[in-house]
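Naming: A, B, ... by sequence-line order, numbering from 1 per chain.
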Amino acid sequence: MKMMMGSSFPEEVLEHVFSFIERDKDRNAISTVCQSWYEIERWSRRRVFVGNCYAVSPAILIKRFPDVRCLELKGKPHFADFNLVPEGWGAYVAPWIAAASSAYPWLEEIRLKRMVIPDDSLELISKSFKNFKVLVLSSCEGFSTEGLAAIAANCRNLRELDLRESEVEDLNQSSGHWLSHFPDNYTSLVSLNIACLNSDVSFTALERLVGRCPNLRTLRLNRAVPLDRLAILLRRAPQLVELGTGEASDLRPDVLSNLSGAFSRLTSLNLSYAATIQSSDLIKLVSQCQNLQKLWVLDYIEDLGLEALAASCKDLRELRVFPSEPFGVEPNVLLTEQGLVSVSEGCPKLHSVLYFCRQMSNDALRTIARNRPNMTRFRLCIIEPRTPDYLTLESLDMGFGAIVEHCKDLRRLSLSGLLTDRVFEYIGTYGKKLEMLSVAFAGDSDLGLHHILSGCENLRKLEIRDCPFGDKALLANAAKLETMRSLWMSSCSVSFGACKLLGQKMPMLNVEVIDERGPPDSRPESCPVEKLYIYRTVSGPRLDMPGFVWTKDEDSALGLS
Amino acid sequence: MEKSIKFEKDLNLEATELRLGLPGTKESEKQTPSAIKSNKRVLPDMSEECGYEDNSNVSHVKKCDQEVAPPAKAQVVGWPPVRSYRKNCFQAKKMEAETTGMYVKVSMDGAPYLRKIDLKVYKGYPELLKALEDMFKFSVGKYSEREGYNGSEFVPTYEDKDGDWMLVGDVPWDMFISSCKRMRIMKGSEARGLGCAV
């Protein structure tokens, strides 16, 4: 059979074929077939995802992919969400925006997560990309309503503005609320998420905006919008399918019944800010949302509410239950492991869970695992560290073991409660599809870490805090680290000496020691570091490190600067 | 007798009862989970937050002593893993709870039992001190920022969220009512020492 060389097909044909291939993994695979396929693929790649902004540089990106339309970047490690990464660590997006503004005039979408973005960059975005459509800033910071005003004023084709969980400085402009900067002839809004804004929203501007955008499907508002006003908005935009509310402190029965029609159309509901809705009202509300696929709620919903949820919402795919009093020692609500068990029984499509509670048992975990072998994301947070099975007082090793054993497609797992090295043995044995693992206050020895690093073939992100893991497992599995995106370890027992060694031996890794106590070489090498962040990179040590971050010196093979 | 019928709802009765937690808060039937307490932190102000009736005040006091051990005092950073903006939302709920009353225990050296008062009822320090004087039949002396309370052997003090004993009147009223866990009217030489301290 004659071998068909890549060049016997005209480029246009190959390009057309490649346009059906969307997944990064697949495109990466095509690009390795031969030189001409590599070239065609790189010129036609439109969507790029950079999971760690320090793994590659803007220059390298632009050189390889000259015509990107959708750029997604992630910055700080996940534990930054919980204040474990000191201020000023990095993840500055400005250089990326500056580079993109000249290289990608046709850029349409920018998605950032845990990055620092100044108003200047927002303004640059609004002026550089004529066809700009989507801006998603997830857990970002560094900008204010001034930047948002620029986006509103200049992005004529904006479809999506999503500020989920970002920190926005409210500058109370004299030029009017930033929402009113959307011109009168702007009608293309499809999705708006301003839930994180602390300040008041101009209701008039919001209502007018909602009224003139016929394609609006998603609306997530902040605390400041009371529920009866929400009713007004819903009437103006009956096509809404995703809704998140503010405080909803006045969820009166009459308001509720006015909204009931709207609620039954909802597929996604976020009530996790609504601290004043009582359990019975939550139950009423949730029971009306038969089409609900995603629910984020506070633990005021209690076991009873979750039972009602399990009975009414058969299409539920994702559930997140947040704690109303995370720092309380005693339970303030009747929410236990039973609530989660009910939902796992009643909702056959449930595959993504984040659950805060104060007690758990191996029995319950086993039941959940057996009920939901389709689970892909399971994040359990038992609030008090090292809490054992409340029935047997044993560790929860077996329960989590059941989860990884039965849920063969599990990609993300967060552990809590009393756990020994055993649980890591189970995870290493069964967690073959596991991509992200979060561990806190668990394990007995380096063996635990060794099980994970040697067993979890698909592991990409590992974050560990307050565990007795030290140098041995880390150094023994150094090569593994190059197959992962990143490893975070804080309050563990990894010595500075081991970090230095790792940095020397593994040139493709940036080993960052984060220590606010001062230069790590002012202490003995055997001294454990406060925090450690290791990630693979093709662009070498970064140049924007703050004073409390140490990494290997490019010039010196031995020393860490 | 009426009191047994209205027990749960009768605030007056509960005001003098030795218990923890806000009156009128829901009592759960569940046992408190027998979690093995790590020697890590429990916030000292939990006695206000939890709506639980603790059957044994003695055991709670013991718990507090354990919590005072140095490593346990500070809250563990970043645990539980809840984003800070969610914590703000709880603040709103707390303020809501605060409108329903803010009871703290008041003890006086030498008095045989404690009293409970609702700090929310008072607009400021003068009202509070007057109420205490009436309740315990004593005089509190004149307060000055520099010298504390002068002219009386009684000094009103309070324990704040960090577990420290402070002189009543030093911080702004709003800060006081949100951080005061309980009060103690000191008497005698111990009081004089505190009263003179700046």
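Interface remark: A/E165 contributes backbone and side-chain atoms alike to the contact with chain B (heavy atom separation under 4.5 Å). Within the 4.5 angstrom heavy-atom criterion, atoms from both the backbone and the side chain of A/S139 approach chain B. Using a 4.5 Å cut-off between heavy atoms, A/F356 touches chain B through its side chain atoms alone.
A salt bridge is absent between A/K531 and A/D515; no separation between the charged side-chain nitrogens and carboxylate oxygens falls under 4.0 Å. A salt bridge links A/R114 with A/D81; the closest basic N to acidic carboxylate O contact falls under 4.0 Å.
Ring centroid separation for the pair A/F378 and A/Y355 does not come in under the 6.0 Å cut-off. Remark: aromatic rings of A/Y533 and A/W89 are close, center separation under 6.0 Å.
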